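Down below is the structure, laid out as structure tokens.
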Amino acid sequence: MKQKSLEKIRHSLAHVLALAVKNLYPKAKFGVGPIIENGFYYDIDLGKSLSIESLPKIETEMKKIIKQGLLFKKKELTLKEAKKLFKDLGQSYKVELLKDLEKYGTTDQNEILNIKSKSVKERKKIVIPKTVSVYQTGDFIDLCRGPHIKNTKELPLSFKLIKISGAYWRGKETNSMLQRITGIAFLKEVELKEYLNQIEEAEKRDHRKLGKELELFSFHDEGVGFPFFHPKGMILRNILEDYWKKEHQKSGYQEVKTPILLNKSLWLRSGHWDHYKENMYFTKIDNEDYAIKPMNCPGGMLIYKSSLHSYRDLPLKVGELGLVHRHELSGVLQGLFRVRCFTQDDAHIYMTPEQVKDEIKKVIDLTDKIYKKFGFSYHVELSTKPENSMGSDQIWQKATKSLKEALKEKKIDFIVNKGQGAFYGPKIDFHLKDCLGRTWQCGTIQLDFIMPEKFDLFYIDKQGKRKRPVMLHRTILGSIERFIGILIENYGGEFPLWLAPVQVAVIPIKEKNVSFAKKVFESVQEKDLRAELWSGEDTLSKKIKKAEEQKIPFVLVIGDKEEKSKKVAVRKRKKGDLGAMTITKFCDILLKEIKKQ
RNA sequence: GCCAAAGUAGUUCAGUGGUAGAACAUCCCCUUGGUAAGGGGAAGGUCGAGGGUUCAAUUCCCUCCUUUGGCUCCA
């Protein structure tokens, strides 16, 4: 109930926003103004772009409108009447929406795409509405399903316009760019403040900021979008990769490594040359065209082909931590979340058609297990056949069905993304949340009946005949880089002991304590714990401050007392002094904790 | 790629139409310290790059590069 009224308020605020903009810029043409998580936005064509400075002015105008107590007046019009009304008002975007409604019975782009793919007979079944509703508030009339509040006076002032940006009309790159004004709104002022605080807190966890502070990685103008991993980032990365390798070994995977640079004929054969070219990097060697791999599969298939396979060997699971390069648009790059070269924790599973569903379920299980280790929540999406694709409809349907069935049998809810699959097959994607609530695609399971065909892969069946295997591409972490970014934000840089690049800092108090501190440091290292000896001249307090800032889990303070008693004074991150104990006991506690994690 | 904002020392940031400053970090000296900054000194900047306006540009204008927030795309 509360949610309903909040949605009504946000939606009504979108209309107030539009009216405010109309008052300030009478020539404005309006796109759409839906509600979103925590607020609303309106896409508006002003014939020019706005800067962030204009937001307070619009916000003031909105508050003025709210105080005026304007009514939301609803009217039902026939499609024809509505089209005339918006045409007379000069609102061409609304007219375009009405035309879609008239033709397809919907304005949803996905739905329209779906309808377009249907047969003439099926198209006839579409229900076209006879009338549409419009809402008028002051001078602003909008094509809108509603519902709305009755009077602008009912609206709270606990809203804020927070963003202004460009947005393509109907999300299409080839359309004109409108101005998107985004606002957040809550029922109470306290809730608004709370949300703003939350954003501020989340910004402190930004992996780009922490990555610099904790000396994990960096980016340079000399290679835009290509991350540089520093020593501590490398430790984190290696731990993650070791864990990955261990889990995959346990699940029956083998590991391979394929070259980064391969020649044109391979990419022609795989279809990447025709379907993925704009994302690839190229070079010429001895006058022959080469491409840097944007995916690992073609290389993997050459390995498969290099020997004969029996049905007894299937399913064959081959993993590769493969470095791929993709020339992404400059505007989409974002720290480690979106880069131009990254390492996929890829694997290809070759199997008989009968094994497909079972193998998909096994991959889902492994994915779930690995995400749980880090305490991540995720949601699943299923993407179907895109426009630019290879293979027959029949094959696509079959592949999509197996993915759906596996998900259903695993009782996992999923969203369907029409037309978002890879060019060679449909896919399931796993999306993890970052600290700002944005979700990132990490794991993916892609079914592929096409590559085995292209590469003429086969296995020998019971009867000694050649048979075509089905292939499955999958990642769990997605990209090591992106996953590390999410890990950093998830833990706010306070890694659990097993992941912490430095687990223990050993701090001698005086110079004469250094030699004992060194012995402590060495015995901690001997237990395979990652330690650093801080024998510099700084004061104890200063070193402790630094250890806290570096978010090091444990600090060992070594002074005269410790040297005498042969014990170490233990300090835990964020907890403070834990008192003295023997080195053996300290190491045992840590090793136990690591094992538990 | 598109829309908007930003770019000053290794880092975080002040500042100005008359060629720049702080804090932290670095190096040196003093201090021998008991759980989140002991004191002093030195060094460090073609003010993102190129062009234009001007007697004079880090500051104003243009182009480009990079970063940030979105759009589109994606692991």
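Note on naming: letters A, B, ... go to the chains in the order of the sequence lines (proteins, then strands), and numbering restarts at 1 for each one. Not measured: the values here are computed from a predicted model.
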(request) Could you check how far CZ of A:Arg340 sits from P of B:rU66, rounded to whole Å? (result)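 It works out to 8 Å between those atoms.
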
Of the options [options], whose atoms approach the side-chain atoms of [X] most closely?
X: A:Gln344; options: B:rA75, B:rA25, B:rU66; value: B:rA75
X: A:Tyr168; options: B:rU68, B:rG70, B:rC71; value: B:rC71
X: A:Lys542; options: B:rA36, B:rU66, B:rA25; value: B:rA25
X: A:Lys510; options: B:rG1, B:rU32, B:rC74; value: B:rU32
X: A:Glu328; options: B:rA75, B:rC2, B:rA37; value: B:rA75
X: A:Lys163; options: B:rA36, B:rG34, B:rG69; value: B:rG69

(request) Sticking with atom C1', work out how far B:rU59 lies from B:rU68, rounded to a whole angstrom. (result)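 Result for the C1' pair: 23 Å, nearest Å.
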
(message) For the CD1 atom of A:Ile184 and the CG atom of A:Leu196, what is their distance to the nearest 0.5 Å?
(response)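 Between atom CD1 of A:Ile184 and atom CG of A:Leu196 there are 4.5 Å.
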
(request) Kindly indicate whether a cation-pi arrangement holds for A:Arg180 with A:Tyr41, taking the cut-offs as under 6.0 Å to the six-membered ring centre and within 45° of the axis. (result)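 Relative to the ring axis of A:Tyr41, which defines the angle, A:Arg180 lies inside both limits.
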
(message) At less than 3.5 Å, do the side-chain atoms of A:Arg482 and the base atoms of B:rC74 form a donor-acceptor pair?
(response)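 Present.
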
(request) Decide, applying a 5.5 Å centre-distance limit and a 30° plane-angle limit (both strict), whether A:Trp440 stacks on B:rA75. (result)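 One would not call A:Trp440 stacked on the B:rA75 base.
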
(request) Could you label the plane-to-plane angle of the A:His207 and A:Phe337 rings as parallel, tilted or perpendicular, counting under 30° as parallel and over 60° as perpendicular? (result)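 The rings of A:His207 and A:Phe337 sit tilted, inter-plane angle from 30° to 60°.
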
